[in-house]
Amino acid sequence: MRAVTWHGRHDVRVDSVPDPEIVNPRDAIIRITSTAICGSDLHLYDGYIPGMRAGDILGHENMGEVVELGPKSSLKKGQKVVIPFTVSCGDCFFCKKQQFSACDNSNPAETADASEIMMGHAMGGAFGYAHLTGGYAGGQAEYLRVPYSDVGPIVIPDGVEDDQVLFLSDILPTGWQAAENAEIEDGDTVAIWGCGPVGLFAIQSAFILGAHRVIAIDHYPSRLALAKQMGAEILDYREVDVRAALKEMTGGIGPDAVIDCVGMESHGLAIDNIVDTVKAHTFLGTERPHALRQAILACRKGGRVSIPGVYGGFADKFPLGQMMEKGLTIRQGQTHVQKYSDQLLQMVVDGDIDTTFLISHHASLEEAPAMYRHWHDDQNEYTKIVLKPDLPKGDIQTSKTFEEELA
Ligand SMILES: NC(=O)c1ccc[n+]([C@@H]2O[C@H](COP(=O)([O-])OP(=O)(O)OC[C@H]3O[C@@H](n4cnc5c(N)ncnc54)[C@H](O)[C@@H]3O)[C@@H](O)[C@H]2O)c1
Ligand SMILES: [Zn+2]
Ligand SMILES: [Zn+2]
């Protein structure tokens, strides 16, 4: 089959690789119909996540049609399913607590050991996301093997289009969990750093969960425009002093909750960020947590800090004393996708949550190298890319509604 493979920093290719096979009775194989490129894939593309090997198949936002089943799968051939990015057994101590991204069974021994040395405990498995999380092949390919297919996949009702539900695999529950972790109370003001897909879904979720005001921060005009359309007040961090603006907008108090939807690759020319960038480029560090530092300093006393943005290791100049002295609550983590599947699917089907507004491009699998470049370099024009193995080579479709929306 054809598959999108990682070969090093800024080197993504489309290769012919062996088709996946059933290796465990609980497995299923799906034929991929849609698979998205995520902000998390940029951390792999930029070479910041340890444990990638040349030839690894990328892709953790996947959906498709069930084509093959192990004897213990509960799926049926022909079903349309969305696959959570977290590979979770459903049976362990953590899965039973609905902490699916902490699954203790899905990371095989040899990779779990390295992950335990680095993190203190072995991380759960994830599709297409390095050998520290199990080395599972991703779904930016024609086919995908899905382990534990009796607990993870979300079966999609007839008549629902791929674009409506694909993001149940990751970014929609991630935005939702981010808002839930912000412990929003009615009337709260919530500030959200980053208006990428995760930030935009966090904005939508924050309003649903009772936020009175959402203030969204980024610098790409198109992403800020989408945030504004969703009802957020917006700040371009190149034009204003973000902390001063937030203070002024909240009567000197600061936002009740802050959400970091940026993660380890913060942009901007702030001094701390320049130092972090030099360190990252000389392999003296991995994190560029400028947005998170700013969020912690901006948050009101006794407020909440939610961190869906991905970090990979140790951070310098972290405002620990500020967190302590201000009495902030911090919640974070890889998303427990399966915990939210039923609730969010229902909200999508009922029309309470729209996900399709986000997609700027559909492209054939063969266009993946160019699409990764655009996703990295042209974030203003590319708000979300969906790869479709069924599209003929060379096919790239720019979403009309997206162009119209921004006209
Ligand atoms: N916790 C999880 O399970 C989970 C799941 C999916 C994604 N993520 C992470 O969430 C983060 C966002 O994902 P995404 O797909 O939206 O990524 P993205 O790269 O599309 O969006 C990030 C946005 O942050 C903005 N940004 C950069 N520096 C900023 C700054 N200093 N201030 C304000 N905004 C700034 C960028 O302009 C960009 O629009 C990433 O770190 C990703 O790895 C986490
Ligand atoms: Zn993702
Ligand atoms: Zn488990």
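Just so you know, residue 1 is the first one in the sequence shown, and it goes up from there. Whatever order the structure lists ligands and atoms in, that order sets their numbers, starting from 1.
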Minimum-distance protein heavy atom relative to [atom]:
atom	answer
atom 20 (O) of ligand 1	Arg223 NH1, 2.9 Å
atom 35 (C) of ligand 1	Val262 CG2, 3.5 Å
atom 23 (C) of ligand 1	Asp218 OD2, 3.7 Å
atom 22 (C) of ligand 1	Cys261 O, 3.9 Å
atom 6 (C) of ligand 1	Asp170 OD1, 3.1 Å
atom 42 (C) of ligand 1	Ser40 OG, 3.3 Å
atom 13 (O) of ligand 1	Val198 CG2, 3.5 Å
atom 4 (C) of ligand 1	Thr174 CG2, 3.6 Å

Testing the 3.5 Å rule here: is there a donor-acceptor pair between the side chains of [X] and [Y]?
X	Y	result
Ser360	Glu381	no
Asp113	Ser115	no
Glu265	His43	yes
His212	Asp188	no
Asn181	Ser306	no
Ser222	Asn380	yes
Thr33	Asp162	yes
Asp260	Tyr311	yes
Tyr372	Gln140	yes

Task: Contacts of type side chain to side chain donor-acceptor pair (under 3.5 Å), residue Arg2, not counting sequence neighbours - done: Ser16, Glu366

TODO: Could you tell me which residues satisfy side chain to side chain donor-acceptor pair (under 3.5 Å) with Ser169, sequence neighbours excluded, listed by chain and number?
DONE: none

Looking only at N/O atoms, are [X] and ligand 1 under 3.5 Å apart anywhere?
X	result
Phe85	no
Pro308	yes
Ala291	no
Gly199	no

- [ ] Specify side chain, backbone, both or neither for His267, according to which of its non-hydrogen atoms lie closer than 4.0 Å to ligand 1.
- [x] both

Open item on the list: For Tyr129, which part has a heavy atom under 4.0 Å from ligand 1: side chain, backbone, both, or neither?
Closed with: neither

Assess [X] for proximity to ligand 1: is some non-hydrogen atom of it under 4.0 Å away?
X	answer
Gly268	no
Tyr311	no
Ser101	no

Task: Residue from His361, His376, His362 passing ring-ring contact (aromatic ring centres under 6.0 Å, His included) with Tyr382 - done: His361

Open item on the list: So that I know where these two stand, are Phe85 and Phe127 an aromatic pair - ring centroids less than 6.0 Å apart?
Closed with: no

TODO: Assess whether atom NZ of Lys326 is packed by more than 12 heavy atoms of other residues, nucleotides or ligands within 6.0 Å.
DONE: yes

- [ ] Count the heavy atoms belonging to other residues, nucleotides or ligands that lie under 6.0 Å from NE2 of His121, then report whether that count exceeds 12.
- [x] no

Open item on the list: If you apply the rule ring-ring contact (aromatic ring centres under 6.0 Å, His included), what do you find for His336 with Phe100, and how did you get there?
Closed with: CA-CA 5 Å; His336 305 304; Phe100 292 99; 7.4 Å; no

Task: For the Zn ion (ligand 2): protein N/O/S atoms at distances below 2.8 Å - done: 4

Task: side chain to side chain donor-acceptor pair (under 3.5 Å), paired with His290, selected from Asn273, Thr277, Asp272 - done: Asp272

Open item on the list: What's the separation between atom CE in Met347 and atom CG in Asp350, rounded to the nearest 0.5 Å?
Closed with: 8.5 Å

TODO: Below 4.0 angstrom from a heavy atom of Ser266, which ligand 1 atoms are there? Numbered from 1 as shown, please.
DONE: 28 (N), 30 (C), 31 (N)

Task: Under 2.8 Å from the Zn ion (ligand 3), the protein N, O or S atoms, given as residue and atom - done: Cys89 SG, Cys92 SG, Cys95 SG, Cys103 SG

